[in-house]
Amino acid sequence: IKAREGSDAMRQELYQKIADFFIQHQSGLYRLAYSYTGNQEDAMDAVQSAVYKALVHHESLRDENAVKTWCYRIVINESVALLRKRRRESPVSGDWSAEEPYIETGYERDDDLFDRVNRLPERIQEVIKLRFYEDLSLQEIAGITGTNLNTVKTRLYRGLRMLKKEMEEARA
């Protein structure tokens, strides 16, 4: 009975740790989702869905020290899933493209650069967004993406070279 009570307490502690992480990092996680979805409602939906999935499946997290990378990964997965779902749906009426983008205060974006980043291959975008929008270390990005550190470095530098080349061509 004591062993069971101990494991129940550990599960509850992990649940609380995940909930606290989402509360403390809500603006950064929202910003990340927004960088994928491009609008306020979809970003909020993605984060809300990520919170729900993380809390419902908190017992599947094997290493409680990996809460940060696990939560970021869920937000990214939910954002990408929402985008895929939106692409499959076609609007019945109205022009969705006319929606004014929401810009979070303190999160000024350079539209040209933002658009250029969003045109990069998805895996390169992911690394650039996590590195520069969320200020994560390359090691953290490797954990979130589930890729080798050297692969993360390669994607980052390849993406930066692509952006530099495209911007130089635009100036010429």
Side-chain angles (χ1 to χ4, degrees), residues 7-91 96-97 99-109 111 113-115 117-149 151-152 155-156 159:
S7 72
D8 287 344
M10 287 174 52
R11 281 192 293 253
Q12 183 60 35
E13 189 176 304
L14 179 58
Y15 182 94
Q16 192 59 50
K17 189 173 185 177
I18 292 168
D20 290 345
F21 179 83
F22 274 104
I23 291 167
Q24 292 169 0
H25 297 90
Q26 62 186 331
S27 64
L29 294 168
Y30 166 79
R31 229 182 4 256
L32 178 63
Y34 182 81
S35 74
Y36 277 86
T37 63
N39 74 56
Q40 180 182 13
E41 290 80 20
D42 286 347
M44 284 193 228
D45 287 348
V47 173
Q48 182 178 12
S49 181
V51 169
Y52 173 78
K53 286 189 176 183
L55 293 175
V56 166
H57 301 288
H58 72 280
E59 292 179 2
S60 68
L61 178 60
R62 295 190 189 342
D63 179 5
E64 72 177 60
N65 295 321
V67 168
K68 181 178 183 178
T69 56
W70 191 68
C71 291
Y72 269 91
R73 182 78 251 156
I74 294 171
V75 170
I76 291 169
N77 288 343
E78 289 304 305
S79 299
V80 169
L82 192 132
L83 284 175
R84 286 184 182 132
K85 179 181 176 191
R86 295 283 189 255
R87 284 187 197 126
R88 285 193 306 267
E89 296 173 349
S90 57
W96 289 11
S97 65
E99 178 183 338
E100 284 294 315
Y102 169 80
I103 306 296
E104 181 181 342
T105 305
Y107 177 62
E108 306 306 321
R109 81 174 207 206
D111 287 332
L113 182 58
F114 183 82
D115 292 338
V117 169
N118 284 333
R119 287 193 300 265
L120 292 172
E122 191 173 310
R123 292 178 185 250
I124 291 174
Q125 268 186 56
E126 182 176 55
V127 171
I128 288 176
K129 288 176 180 179
L130 290 170
R131 179 69 186 113
F132 295 106
Y133 296 3
E134 297 307 314
D135 199 29
L136 297 176
S137 71
L138 297 177
Q139 190 67 46
E140 289 172 317
I141 296 169
I144 290 167
T145 59
T147 56
N148 179 298
L149 179 61
T151 302
V152 169
R155 288 177 184 168
L156 176 64

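Counting from 1, the numbers follow the sequence of the chain as shown.
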Please report the closest heavy-atom contact between [X] and [Y], naming both atoms and the distance.
X	Y	answer
Val75	Ala33	CG1-CB, 4.1 Å
Ile18	Cys71	CG2-SG, 4.2 Å
Phe114	Tyr133	CD1-OH, 3.5 Å

Handout entry: Lys129 to Tyr36 six-membered ring, cation-pi geometry met (6.0 Å, 45°)
Key =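 The answer is yes; both the distance and angle limits are met.
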
Say you draw a straight line from [atom1] of [X] to [atom2] of [Y]; how long is it, rounded to the nearest 0.5 Å?
X	Y	atom1	atom2	answer
Asn65	Trp70	CG	CH2	14.0 Å
Leu14	Arg62	CG	CZ	12.5 Å
Ile124	Leu156	CD1	CG	9.5 Å
Thr69	Ile74	OG1	CD1	9.5 Å
Lys68	Leu29	NZ	CG	10.0 Å
Leu32	Glu134	CG	CD	5.0 Å

Examine distances only and state if a side-chain atom of [X] and a backbone atom of [Y] form a donor-acceptor pair shorter than 3.5 Å.
X	Y	result
His25	Phe21	yes
Ser49	Asp45	no
Thr151	Thr147	no
Glu140	Ser137	yes
Gln125	Asn118	yes

Around [X], counting heavy atoms of other residues, nucleotides and ligands shown, do more than 12 lie under 6.0 Å from its [atom1]?
X	atom1	answer
Tyr15	OH	no
Lys85	NZ	no
Arg123	CZ	no

Handout entry: side chain to side chain contact (heavy atoms under 4.5 Å, CB included) between Phe132 and Val117, intermediate numbers included
Key = CA-CA 11 Å; Phe132 295 106; Val117 169; over 6 Å; no

Problem - salt bridge (charged side-chain N to carboxylate O under 4.0 Å, His left out) between Glu126 and Arg73, intermediate numbers included - result: CA-CA 11 Å; Glu126 182 176 55; Arg73 182 78 251 156; 3.0 Å; yes

Exercise for the section: Using side-chain hydrogen bond (donor to acceptor under 3.5 Å, both in side chains) as the criterion, point out the one residue from Lys17, Gln24, Gln16 that pairs with Asp20. Expected result: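 Exactly one pass, corresponding to Gln16.
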
Exercise for the section: Just do the salt bridge (charged side-chain N to carboxylate O under 4.0 Å, His left out) check on Arg131 and Asp135 with the steps written out, would you? Expected result: CA-CA 5 Å; Arg131 179 69 186 113; Asp135 199 29; 3.7 Å; yes

Handout entry: pair Lys53-Asn77: side-chain heavy atoms closer than 4.5 Å
Key =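 The answer is no; the side chains never approach within 4.5 Å.
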
Problem - Polar contact flag, side-chain donor to acceptor under 3.5 angstrom, Asn39-Asp42 - result: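 Note: Asn39 and Asp42 side chains meet the donor-acceptor criterion.
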
